[in-house]
Student: 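Could you have a look at this structure, given as structure tokens, before my questions?
Just so it is clear, the model here is predicted, and its values are computed rather than measured. Each chain gets a letter, A, B and so on, in the order its sequence line appears, and its residues count up from 1.
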There are 2 protein chains.
Amino acid sequence: MRIGQLAERTGASPRQLRYYEQQGLISPLRQVNGYRDFDEAVVERVHSIMQLLEAGVPTRLIKVLLPCMRDGQRRPDFLTGDMLRELEQLHGRLSARVDCLAEHRDAVRRFLDETETWG
Amino acid sequence: MRIGQLAERTGASPRQLRYYEQQGLISPLRQVNGYRDFDEAVVERVHSIMQLLEAGVPTRLIKVLLPCMRDGQRRPDFLTGDMLRELEQLHGRLSARVDCLAEHRDAVRRFLDETETWG
DNA sequence: TGGAGGCTTGACGGTAGTGTCAAGGTCGAG
DNA sequence: CTCGACCTTGACACTACCGTCAAGCCTCCA
């Protein structure tokens, strides 16, 4: 699949897809004429990337996170201690984010509920 | 409290605190000489701001989110329908973020657990 | 054969958040 | 009075993410 079709199927712009490749998040093959050649699996992968970026996760973290996903990519052949430590840190950061956001989301919920009650 | 002391107590740089003021997240009084004058409550508020920024929430959303917090600020006197709708949207976005991040955090957890088992 | 599209890379622009530096005002200690 | 520490605003710079435009190549179709 070429970049235009992938863009259409994912909702990402070609510019975004090229940027994701540049950041090492996707690695399309090349056709003989130089055109990028994406396989089916990358569609889901791009969806994950877009969701994570939307959620405020920078590409550098997405890059270490994606190999952990079931679908989309096989696990790396070699896992160094550094990589494991980085993943532990990532887990911690994600947990902190989730807690912080959930807490503030609940505060918004309470605020809205009270406002409705008082309205 | 002046900006230096607030910086020391929150861990934010003076530059950050001035930026937060510029974005309307905090509104210090001014001493006669022009120095910013922060009250105690702003310490907690700045902590919230830093956590939310760390979690990838832009200042524009933090601005509409902060008045929902119990501690730190009283609720606005007038809530327009637009503000309520914006808060509902914010709640939706925060929920989506939490779900996305929790899902990926769990994937990292499973990945690490399996790796350990296999190690 | 000549467009019309789609693709390539490269570059410039724009916003968000922040570091950093410059030029100057304020204040207390010596 | 002066020095040093702190404050002010303003500007320039950098990273991240992405829009957009330019110049050129590829492919298909009339």
Student: Atom CG of B:Leu52 and atom P of C:dA16: how far apart are they, to the nearest Å?
Tutor: 17 Å
Student: May I have the distance from A:Ile26 (atom CD1) to D:dC17 (atom P), rounded to whole angstrom?
Tutor: 14 Å
Student: Counting side-chain heavy atoms from C-beta on, which of C:dG6, D:dC6, D:dT9 comes nearest to B:Arg36?
Tutor: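 For the B:Arg36 side chain, the nearest candidate turns out to be D:dT9.
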Student: Does A:Asn33 have a side-chain nitrogen or oxygen under 4.0 Å from the phosphate oxygens OP1 or OP2 of D:dT27?
Tutor: yes
Student: Which heavy atom of A:Ile26 sits nearest a heavy atom of A:Phe38, and at what distance?
Tutor: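 Taking A:Ile26 first and A:Phe38 second, the nearest heavy atoms are CD1-CE2, 4.0 Å.
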Student: Between C1' on D:dC6 and CG on B:Asp37, what's the gap in Å once rounded to a whole number?
Tutor: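 Going from B:Asp37 (CG) to D:dC6 (C1'), I get 15 Å.
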Student: Using whole Å, report how far CD1 of B:Ile62 lies from P of C:dA16.
Tutor: 13 Å
Student: From D:dC18, D:dG19, C:dT9, pick the nucleotide closest to the side chain of A:Leu53?
Tutor: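 It is D:dC18.
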Student: What is the separation between atom CZ on A:Arg30 and atom P on D:dC26, rounded to the nearest whole Å?
Tutor: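 Checked: the CZ to P distance equals 14 Å.
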Student: Can you tell me the distance, in whole Å, between the CD atom of B:Gln23 and the P atom of C:dT18?
Tutor: 10 Å
Student: Confirm from the modelled atom types if A:Tyr19 and D:dG19 form a donor-acceptor pair under 3.5 Å, side chain to base only.
Tutor: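 Answer is no: no donor-acceptor pair is held.
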Student: Picking from D:dT9, C:dT18, D:dG19, which would you name as closest to the side chain of A:Ser13?
Tutor: D:dG19
Student: Could you work out which one of D:dC7, D:dC18, C:dT8 sits closest to the side chain of A:Tyr35?
Tutor: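 The closest nucleotide is C:dT8.
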Student: Decide, yes or no, whether a salt bridge links B:Glu88 with A:Arg109 under the criterion of side-chain N to carboxylate O below 4.0 Å.
Tutor: yes
Student: Heavy atoms under 4.0 Å, any strand shown: does A:Arg60 hit a base, just sugar-phosphate, or nothing?
Tutor: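 The residue A:Arg60 makes no contact with any strand.
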Student: Start at the 5' end of DNA chain C and walk down; is the nucleotide closest to A:Gln5 or to B:Gln16 reached first?
Tutor: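 Nearest nucleotide further toward 5': that of A:Gln5.
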Student: Tell me whether the side-chain N or O atoms of B:Arg15 pair up with the base of C:dT20 as donor and acceptor below 3.5 Å, since no angle test is needed here.
Tutor: yes
Student: Should B:Arg2 be listed as having a side-chain N or O under 4.0 Å from OP1 or OP2 of D:dC6?
Tutor: no
Student: Name the residue from A:Leu17, A:Leu65, A:Ile62, A:Thr10 that meets the side-chain contact (heavy atoms from CB on, under 4.5 Å) definition with A:Ile49.
Tutor: A:Ile62
Student: Look at B:Asp113 together with B:Arg110 and state whether they make a salt bridge at an N to O cut-off of under 4.0 Å.
Tutor: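 Between B:Arg110 and B:Asp113 there is no salt bridge, as every charged N stays at least 4.0 Å from the carboxylate O atoms.
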Student: Hey, does the side chain of B:Arg18 come within less than 4.0 Å of C:dT20's phosphate (OP1/OP2), counting only N and O?
Tutor: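 No, no such contact exists.
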Student: Does B:Arg45 come within less than 4.0 Å of B:Glu21, counting only side-chain N to carboxylate O?
Tutor: no
Student: Could you check how far OH of A:Tyr20 sits from P of D:dC17, rounded to whole Å?
Tutor: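 One finds 9 Å between P of D:dC17 and OH of A:Tyr20, rounded.
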Student: Salt-bridge test for A:Glu44 and A:Arg9: reply yes if a basic N is under 4.0 Å from a carboxylate O, no otherwise.
Tutor: no
Student: Quick one: which of C:dT18, C:dT26, C:dC7 gets closest to the side chain of A:Ile3?
Tutor: C:dC7
Student: Rounded to the nearest angstrom, tell me the gap between atom CD in B:Gln22 and atom C1' in C:dT18.
Tutor: 12 Å
Student: Which residue lies toward the 5' end of DNA chain D, A:Val32 or A:Thr59, if each is placed at its nearest nucleotide?
Tutor: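 Looking at DNA chain D, the more 5' nearest nucleotide goes with A:Thr59.
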